[in-house]
Every structure is written in structure tokens, then in C-alpha cells.
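This report refers to the structure that appears directly beneath it.
Just so it is clear, the model here is predicted, and its values are computed rather than measured.
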Amino acid sequence: MVKQKKKKMKKNNIAPKKKTQSMINIRSILALLLILLLIGTAISPVFSETVTPNRDFSYESKLQARGLLADNDAVDEGEKAPETTPENTTDNAAQNTDDVSESTDVRAATYKDYAEFMLDYVNENYYKDVDQQKLIDGIYKGIFETLDKHSVYFTPEEYSEFNTDINGEFSGIGAVITNGENYVEVVSPIKETPAYEAGLLPGDRIATVNDADAKGWTTEKAISVIRGPAGTPVKIGILRNNSDEILYFDIVRAVITVKSVNYEMKKDNIGYIEITQFGDKTNAEFDEAIQYMIDNNVKKLVLDVRNNPGGYLDSAIHISDYFVEKGKEIVKVVYKDTTNQLYRAEKLKLDMDVVVLVNEGSASASEILSGTIQQNGTGIIVGDDTYGKGTVQNIVPLTNGGSIKLTIAEYLVPNDYHVDQNGIHPDVVVHGVTPDQRKLYSNFVPMNEKAPKYRGEISLNVYGAQQRLKFLDYEIDVDGKFGPKTEQVIKAFQASVGLRSTGVLNLETVSSLNQQAESMLRGEFDPQLNKAIELLKAK
């Protein structure tokens with residue numbers, strides 16, 4: 001267009017002055033800019049289609065009417081908000097204070113509208129079909145996930161599983177599990193259940209269930225998938241120790257009935273009571289166990305709360321009452337805005353010497369029992385440091401069949417000891433099977449040599465025997481050399497399992513070492529219990 005205009009001027013033989021020429025140049029430039037602006041306006045929607053937000057939503061007018069939609073015209077995408085300068089900092093601060101207060105009031109009054117908008121917006125605009133109920137459950141769960149790890153929203157299915165656990169009967173494989181770093185982990189298989197018989201071990205990580213990747217699953221998710229009708233199969237993929245190889249177990253589900261209290265008599269009239277959880281029937285079952293001990297004139301008692309995740313507060317108080325002098329403190333429950341509750345022993349203390357067994361799986365109500373006994377000085381705590389859960393949750397059933405579990409208080413055991421994040425530290429530390437021991441177990445060499453081994457020899461069987469003896473908590477070097485120290489330790493082991501104490505690594509000793517190592521891994525060989533009995537015998 002500029003060229004066309006110049007040609008016209010030349011044809012008419014016009015010879016403008018210098019000033020006139022400058023005016024023409026300015027007009028030409030303005031005309032060119034106008035043309036470019038018009039062209040840009042025409043093509044901009046084509047080139048900005050994936051960048052400019054689509055503002056043609058049916059929700060917009062509703063949200064604006066409710067004051068929920070941000071004013072994007074003031075600072076639109078791609079624009080920069082004006083910076084606060086020193087001249088207007090004070091005025092802006094005052095204005096912002098008012099805005100925050102007003103905004104808070106709007107959110108409080110119309111939060112339901114936000115939730116409804118988000119659900120509808122996702123349903124109508126997400127690029128795939130979505131499950132409406134999962135979205136709703138996600139909102140509920142998100143609320144509690146911002147609080148603490150013990151506050152949770154249970155879906156109807158999860159709440160049903162929770163009630164099943166606390167009642168002590170379910171259809172599944174019979175393994176106690178807990179959340180791990182990447183995978184749900186087996187705390188322990190319950191004796192005489194499909195999981196136990198199949199060979200699941202403490203520390204096993206559940207990598208797959210029916211070939212579905214279980215990485216990142218919660219305990220609740222794993223339980224809901226693993227459990228099912230009795231008689232039906234489930235395929236469990238296990239990562240053991242540090243190996244990346246998945247071990248597969250085909251397990252047939254069964255009806256699992258778990259008593260929360262088990263008891264028996266040990267040698268030398270020492271009583272033993274195991275509490276697996278503090279559930280609906282625990283008080284009555286414990287009363288029965290105690291009556292058995294009284295009827296049999298038991299004066300020395302082992303209380304075992306290892307791997308007990310807790311349960312009801314009133315059950316922990318009921319059982320603790322047996323082992324605390326009347327009138328002494330059992331536990332204090334500290335609330336946020338209400339009067340604290342202090343619970344004291346109401347009945348006469350049992351005339352029994354008591355040792356309590358604990359480990360890293362002992363939590364919550366287990367820590368109330370063990371902590372109360374320890375702080376009152378009425379028993380000895382043996383084992384490993386406990387979990388350290390010192391908070392109280394309240395269960396509120398919902399009309400949809402689900403429930404919420406909310407942390408409402410912290411509990412303190414006597415002497416205002418804070419269990420939360422601290423745990424109970426044993427008076428006598430005796431380690432159970434640790435992760436390092438499980439790793440050691442996975443690296444055991446086979447003992448396949450058939451000939452007996454004697455002092456002075458170097459062999460693979462000697463090396464394997466030393467590995468197993470170390471795993472069983474004997475002090476021994478693992479070097480494959482059959483020296484005086486190895487001979488001495490083999491003699492001690494042979495005596496402990498009822499073999500002739502010769503110090504010779506014969507086939508009978510090799511077999512017994514294999515059995516004892518596996519038994520310890522499965523919780524059958526128990527150095528913590530042995531220590532408890534030893535301490536009671538010495539009284």
C-alpha cells in the first residue's frame with residue numbers, strides 16, 4: 001500500500017516540501033500499524049487456541065452470582081499483577097486485611113458450592129469418564145489427610161473391614177499387615193492360618209495381589225482386595241528382604257477367627273497371656289485368662305503385647321487396672337478445649353510379678369498398658385522400643401455406611417510421660433528379628449556338605465553354620481574357619497536344643513540350625529520371651 005501511494009504521487013508530479021514529506025511518512029507508518037493490528041486481531045484466535053482459557057462455561061454466571069469466581073479480567077493469563085511500591089504499601093496492607101476477612105466469610109458460607117462446582121466441572125470437562133463416588137470419597141479423604149496420619153475417612157467398605165477386624169472374625173488369609181515405605185508389609189502371619197501355612201514371613205512386602213501392582217496401596221486398600229469369600233484363591237506377590245525378585249504364593253482364603261487374648265501355662269508355673277488387640281471382646285477374654293491364672297495359683301506372669309496395634313481406650317484401662325495399686329494413676333487424656341480426664345485404678349492390684357513384652361509393633365493401647373506398668377514400677381518391660389502412638393481417636397458412623405476417625409486428644413501415662421512420637425523404652429532391651437537380621441537370613445549359604453566338620457577345618461558348611469548362629473544371637477565371627485570359638489558356640493547351641501554337646505558340626509546339628517533360624521524368623525524361637533521367663537525365675 002505504501003508503494004501504491006508513492007507511485008500516485010509521482011504520476012501527478014507533486015514535489016512536496018520537507019515538512020509535508022515528514023507528515024506523509026508519519027501517516028504511512030500509522031496506516032501500516034493499523035493494518036498490522038487488524039491482521040493480528042483476525043488471526044490471533046487461530047494461533048492462541050490452546051493457550052487462551054475457554055471462558056464459555058455454563059457455571060460462570062452461577063459462580064459470579066455467588067461471588068465464587070475470581071475476576072480474571074483484572075489480571076488475565078499472561079498479564080502480570082502490579083507490584084506493590086513503597087508509596088502504597090500501607091494502604092494496600094489495610095485493604096488486603098479487609099479482603100481476607102470478607103473472603104473467609106464467603107468461603108465459610110458457600111464451601112458446599114465450591115465442592116459442587118468442582119465435582120460438576122470435573123464430570124463434564126475431564127477427558128475421561130470418572131466415578132462420581134470416587135470423587136466424593138476423595139474430597140472426604142483429603143480433609144482428614146491434612147490433619148494427621150491417624151485421622152481418616154472410611155468408605156462404607158473400609159468401615160466394614162475395620163469393624164470386622166475389631167470383632168476378630170473375617171474371611172481372608174490370616175496375615176497382620178501395616179503400611180510400609182512403598183508397599184504394605186506383613187507384620188506377622190497368624191499361626192495355623194493360610195498365610196502361615198503358605199510360608200509368608202514377617203517383613204515381606206506385598207508387591208502384587210492377583211497380578212495387580214500393589215505399590216502405593218494403603219493397608220485398607222490391600223485388605224479390601226486380599227480378603228474374600230472362604231474357599232476362593234488369591235495370588236500374592238511378595239518382595240522379600242532386599243531382593244527385586246517377586247515370590248508368588250497361591251493362597252486359599254479361609255474363615256479366620258482371631259481371639260484377642262490367648263493364654264497358657266509355661267514351665268515352673270509361669271503364666272503367659274498374649275493380647276493381640278484391644279477389641280470388643282478383649283475385656284471378657286482377659287478376665288477369663290486372669291481367673292485361670294488365679295485358679296492355678298500363678299505368681300509370675302508374662303504379658304505379651306508385641307505387634308498389638310491397640311484398640312479401645314476403655315479396654316486398655318480395664319486391663320491396666322489389674323496391675324496398678326488402687327488409687328494410682330493409669331492414664332490422663334488431654335483434650336483441646338475441655339477438662340482433661342484422669343483415670344485411676346479402682347481395684348486391688350494382683351499379687352503377681354509381671355514382665356511385659358513389647359516391640360516396634362506395640363502401639364496405642366498397648367503403650368498405655370506397658371507405660372502404666374513401667375511408670376508405676378509394678379513390672380518390667382522387655383523387648384524393643386514401641387511404636388509411639390499417644391493419641392486418641394473417636395469413631396463417628398455416617399449415614400452413608402462409612403465413618404470418620406478423628407484424633408480428639410493426646411494421652412499421657414503416669415508422670416505426664418508423652419508416649420506420642422517417643423514410645424515406651426524397655427527396661428531390658430532384647431531385640432527380636434530386625435530388618436538387618438532378615439537381610440542376613442536372605443544371604444544364608446546352603447549347608448549341603450554331607451560329611452561332619454571338625455575343629456581346624458574350613459568349609460561352606462562351617463560358614464553357613466556361623467551365619468545361622470549369628471542370626472540366633474550368638475557371638476561368633478562369620479569367616480568359614482572352624483576355630484575354638486566356633487566349637488564353643490556350637491557346643492552351647494547343641495545343649496540349648498537337646499543335642500549331645502560335642503562341638504562337632506554333624507548333620508543333626510546342621511538340620512537343627514536350619515530349623516531354629518527359620519523358627520526365629522517366624523516368631524517360634526523367641527529370645528524376648530526366653531528373657532522374660534529368665535527374669536521371672538530369678539525373682
Determine whether Glu157 and Lys221 satisfy the following criterion, salt bridge (Lys or Arg N to Asp or Glu O under 4.0 Å), listing intermediate values before the conclusion. CA-CA 10 Å; Glu157 294 77 14; Lys221 168 70 172 177; over 6 Å; no

Ignoring hydrogens and geometry, is there a side-chain-to-backbone donor-acceptor pair from Thr146 to Ile143 under 3.5 Å? yes

Neighbour count >12 (heavy atoms, 6.0 Å) for atom CD, Glu264: yes

Taking the six-membered ring for Trp and the full ring for Phe, Tyr or His, determine whether the centres of Phe286 and Tyr263 are under 6.0 Å apart. no

Verify the distance criterion only: is there a donor paired with an acceptor across the side chains of Asn283 and Ser315 at less than 3.5 Å? yes

Check for a donor-acceptor pair, side chain of Ser320 on one end and backbone N or O of Ala316 on the other, with a separation under 3.5 Å. yes

Taking Asp427 for its side chain and Ile381 for its backbone only, find out whether a donor-acceptor pair lies under 3.5 Å. yes

In the structure I gave you, are the side-chain heavy atoms of Asp526 and Arg306 within less than 4.5 Å of one another anywhere? yes

Do Thr509 and Asn506 have side-chain atoms, one donor and one acceptor, less than 3.5 Å apart? yes

Between Ser366 and Asn308, is there a donor-acceptor pair closer than 3.5 Å when you use the side chain of the first and the backbone of the second? yes

Side-chain touch Leu200/Ile173, heavy atoms, less than 4.5 angstrom: yes

Student check: side-chain heavy atoms of Leu147 and Leu406 closer than 4.5 Å: yes

Got more than 12 heavy atoms from elsewhere within 6.0 Å of CZ, Phe154? yes

Do Asn394 and Lys405 have side chains that approach each other closer than 4.5 Å (heavy atoms only, starting at C-beta)? no

Taking atom CD of Gln341 as the centre, report whether more than 12 heavy atoms of other residues, nucleotides or ligands fall under 6.0 Å from it. yes

Report yes if some heavy atom in the side chain of Tyr411 is under 4.5 Å from a heavy atom in the side chain of Val392; otherwise report no. yes

Polar side-chain atom of Thr386 near backbone of Ile424 as donor-acceptor pair, under 3.5 Å: yes

For residues 284-295, the salt bridge (charged side-chain N to carboxylate O under 4.0 Å, His left out) pairs (sequence neighbours left out) are none

Is there side-chain contact between Ile238 and Arg205, with heavy atoms separated by less than 4.5 Å? no

Lys347 side chain reached by Tyr322 side chain, heavy atoms, under 4.5 Å: yes

Indicate yes or no for a side-chain donor-acceptor contact from Asn296 to the backbone of Val298 under 3.5 Å, with no hydrogens or angles considered. no

Taking OH in Tyr417 as the centre, count heavy atoms belonging to other residues, nucleotides or ligands within less than 6.0 Å. Is the count above 12? yes

Are any side-chain N or O atoms of Ser151 and backbone N or O atoms of Phe144, one a donor and one an acceptor, separated by less than 3.5 Å? no

Could you go step by step and tell me if Glu534 and Lys531 meet the salt bridge (Lys or Arg N to Asp or Glu O under 4.0 Å) rule? CA-CA 5 Å; Glu534 176 188 324; Lys531 185 64 177 180; 3.2 Å; yes

Are side-chain heavy atoms of Gln277 and Ser260 found at a separation under 4.5 Å? yes

Residues at least two apart in sequence or cross-chain that pass salt bridge (Lys or Arg N to Asp or Glu O under 4.0 Å) with Lys300, listed by chain then number, are none

Any chance you could measure Gln375, atom CD, to Asn415, atom CG, to the nearest 0.5 Å? 4.5 Å

Quiz: residues 482-492 side-chain donor-acceptor pairs under 3.5 angstrom, not counting sequence neighbours:
residue, atom, partner, partner atom, Å
Thr486, OG1, Gln466, NE2, 3.0
Glu487, OE1, Arg455, NH1, 3.3

